[in-house]
Amino acid sequence: MRIFKPLFIISVFLYLYLPMVVLITNSFNQSKYGYHWKAFSWKWYEKLWHNTGLMDAFVNSITIAVLTAFIATILGTLMALAIHRYKFRFKNVAGSMLFILMMSPDIVLAITFLIIFIALGIQLGFWSLLIAHITFCLPFVVITVYSQLKGFDENIIEAAQDLGASESKIFSVIIFPMILPAVLAGWLLSFTLSLDDVIISSFVSGPGFEILPIRVFSMVKVGVSPEVNALATILLVISLTAITVVSLLIKRKNSDI
Amino acid sequence: MTQSAFLSFNSVSKRYQNQEILREFDLTINDGEFFTILGPSGCGKTTILRLIAGFEQPDHGCVVLDGQDIGNLPAEHRPTNTVFQSYALFPHMSIYDNIAFGLKMSGVDKAEIKQRVHEALSVVQLDGFENRKPHQLSGGQKQRVAIARAIINRPKVLLLDESLSALDYKLRQQMQNELKRIQRQLNITFVYVTHDQEEALTMSDRVLVINNGQAQQIGTPREIYESPVNLFVARFIGESNIFKAKITQCLDNYQYIAEIYGLQWKITADHKFAVDEHVNVILRPEDLRVMYSEDAPQEPGFVGKIIERNYTGKTLDSVIQLDNGHILGISEFFNEDDPDFDYNINQKVWVNWVHGWEHVIKADER
């Protein structure tokens, strides 16, 4: 029995992480077919670098992700502040609408976006992708920032006011620094969500503007090229970095309060 | 201490939605006094504080501070500062920046800020804490920082909202003395809001007892405790034994004979009463005299038995049930003749009091 417990844990972890390990290993494997190890090489990374179609798609994806992250963060933060600070009619409705957006299946959103873009005559490409990505990232930012705002002692704002701070000072010196970790977390969340998305993107992107996940998806239909392994490894590194940064920020925030 | 009106409310009314909190409320606070507003929760005491601080504006009436109507002045322009119950320190700033905040907002130059922060820290005895963050401090230390942050601006009035209730007993007592010392040292008017009567009696120059937005009594702690004007104050401040009585005879000099539970008692009042008028005779637990029945002197007294006894360290607090069913609470100090003094449950006892220690109020006042 004493050996059973560690064995069980090891097998769970193997099940979870073995595919990733194989993928990363193969990205450095000289052999084209991943069945046996030939030699260590950067070959696939070089090939990836010279594959202009794939690299273009990569740059496009990063562009969309960065723009989405910025715009969604700004809009989402403002929205969270409004919901937190002001009392208005339909405030609860506005809150629940965000949850609906967050919970609805991607495929439903994808179809909705497609119908709207066609109805409005927006050409599928850069703008349609950007709009769609901002929309599905927005609720995540609002909820991250709002939950941080809600955790504050209400008296802090009154204390600042009492000590002579104007509205704008209260925002710049008190509120903004206190929600900054949540804002950054919202940015990174949006960035990864945008970079990851396949379903919605595949509906709203056009032939003129191809992004990475869709490009890869069409590539693997004709057989997995080891370049894709290299690409996946790079993406994995980016995602892990983002997650590490977020969790560090959240940890710092918690130790502050 | 000058006795001039420094801060006053002139028939101030305030309502939230449908609930009327204050109605034509008047209040006068003197310059340099430690003034406490005492009442149960929901009585309007915090609203009064928020009206002074400027977090709320009065619906009617005016709030006058040092000759100026400040009723519609926003909080950031008022010469008042608040110490919040939850401390409300800025979590992302160091202690130095927290305390310096008010001065920075009013554009005081850096050298002066530095000097005044150090002064404020030494007033609250936290020298050397400049670079810590609020989360590294204990509750009592946070409380001191909140006080330093408020007094550094040299407010005309310092407002304290149940500022000590989050602290434990020992620390609270220590901070009570500390607050009194700070108030004497700075000579600023303090307005303290609390529901804790002990705190109010300990610290204040004057106390306002308030209930349902109505001022009940205003006076020194001694007046409030010894001469409550009505039953609410008598019950809210400390413990009270309330005897229903009827005046049977008027003697001279506010002296009367009154009937309580069938016995005739000589009482002294500070009002005029007529024969047959109903009054309440109030006696504090420590003012009643108790003896074992067998030792009772030949004087009028109530007879009953001990139904509960609680040792509190300083006193022996007992509950007596009189033979007529009424319940009395008594509190006796140990004296040097009999330090091991105690009662048994069901012990027969005899109760009366020294004439003149009673306090008499009209029966129609609640």
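Each chain gets a letter, A, B and so on, in the order the sequences are listed, and its residues count up from 1.
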Item to check | Full working for side-chain contact (heavy atoms from CB on, under 4.5 Å) between Val173(A) and Phe101(B) | outcome: CA-CA 10 Å; Val173(A) 189; Phe101(B) 191 84; 3.9 Å; yes

Would you say [X] has more than 12 foreign heavy atoms packed within less than 6.0 Å of its [atom1]?
{"X": "Gln185(B)", "atom1": "CD", "value": "yes"}
{"X": "Met97(A)", "atom1": "CE", "value": "no"}
{"X": "Tyr15(A)", "atom1": "OH", "value": "no"}

Checklist entry - In terms of heavy-atom pairs under 4.5 Å with chain A, which of Ile152(B), Thr80(B), Leu159(B) leads? => result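 Most heavy-atom pairs within the cutoff with chain A belong to Thr80(B).
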
Next on the checklist: I need the residue from Ala53(B), Ala146(B), Gly102(B) with the largest number of non-hydrogen atom pairs under 4.5 Å to chain A.
Outcome noted: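 If we count pairs closer than 4.5 Å to chain A, Gly102(B) comes out on top.
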
Checklist entry - Among residues 55-69 of chain B, which ones touch chain A with a heavy-atom distance under 4.5 Å? => result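 Only Phe55(B) of residues 55-69 of chain B have a heavy atom under 4.5 Å from chain A.
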
Next on the checklist: Applying a heavy-atom distance below 4.5 Å, give me the residues of residues 112-129 of chain B that approach chain A, sorted by number.
Outcome noted: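 Residues of residues 112-129 of chain B touching chain A at under 4.5 Å: none.
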
Checklist entry - Is the backbone N or O of Asp162(A) less than 3.5 Å from a side-chain atom of Asn81(B), with the two atoms forming a donor-acceptor pair by type? => result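 Looks like yes, one N/O pair under 3.5 Å.
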
Checklist entry - Looking at side-chain heavy atoms only, is the closest gap between Leu163(A) and Ser106(B) below 4.5 Å? => result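 Heavy-atom side-chain distance check fails, nothing below 4.5 Å.
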
Checklist entry - Quick one: are Lys169(A) and Glu76(B) in side-chain contact, heavy atoms under 4.5 Å? => result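 Side chain of Lys169(A) against side chain of Glu76(B), heavy atoms only: no contact under 4.5 Å found.
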
What's the separation between atom [atom1] in [X] and atom [atom2] in [Y], rounded to the nearest 0.5 Å?
{"X": "Met105(B)", "Y": "Gln161(A)", "atom1": "CE", "atom2": "CD", "result": "13.0 Å"}
{"X": "Thr82(B)", "Y": "Asn155(A)", "atom1": "OG1", "atom2": "CG", "result": "9.5 Å"}
{"X": "Phe84(B)", "Y": "Ile156(A)", "atom1": "CZ", "atom2": "CD1", "result": "10.0 Å"}

Item to check | Part of Leu89(B) lying under 4.5 Å from any heavy atom of chain A | outcome: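 Leu89(B) touches chain A through backbone heavy atoms alone.
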
Item to check | Residues Ile174(A), Met93(B); criterion side-chain contact (heavy atoms from CB on, under 4.5 Å); working and verdict | outcome: CA-CA 9 Å; Ile174(A) 306 293; Met93(B) 292 186 192; 3.7 Å; yes

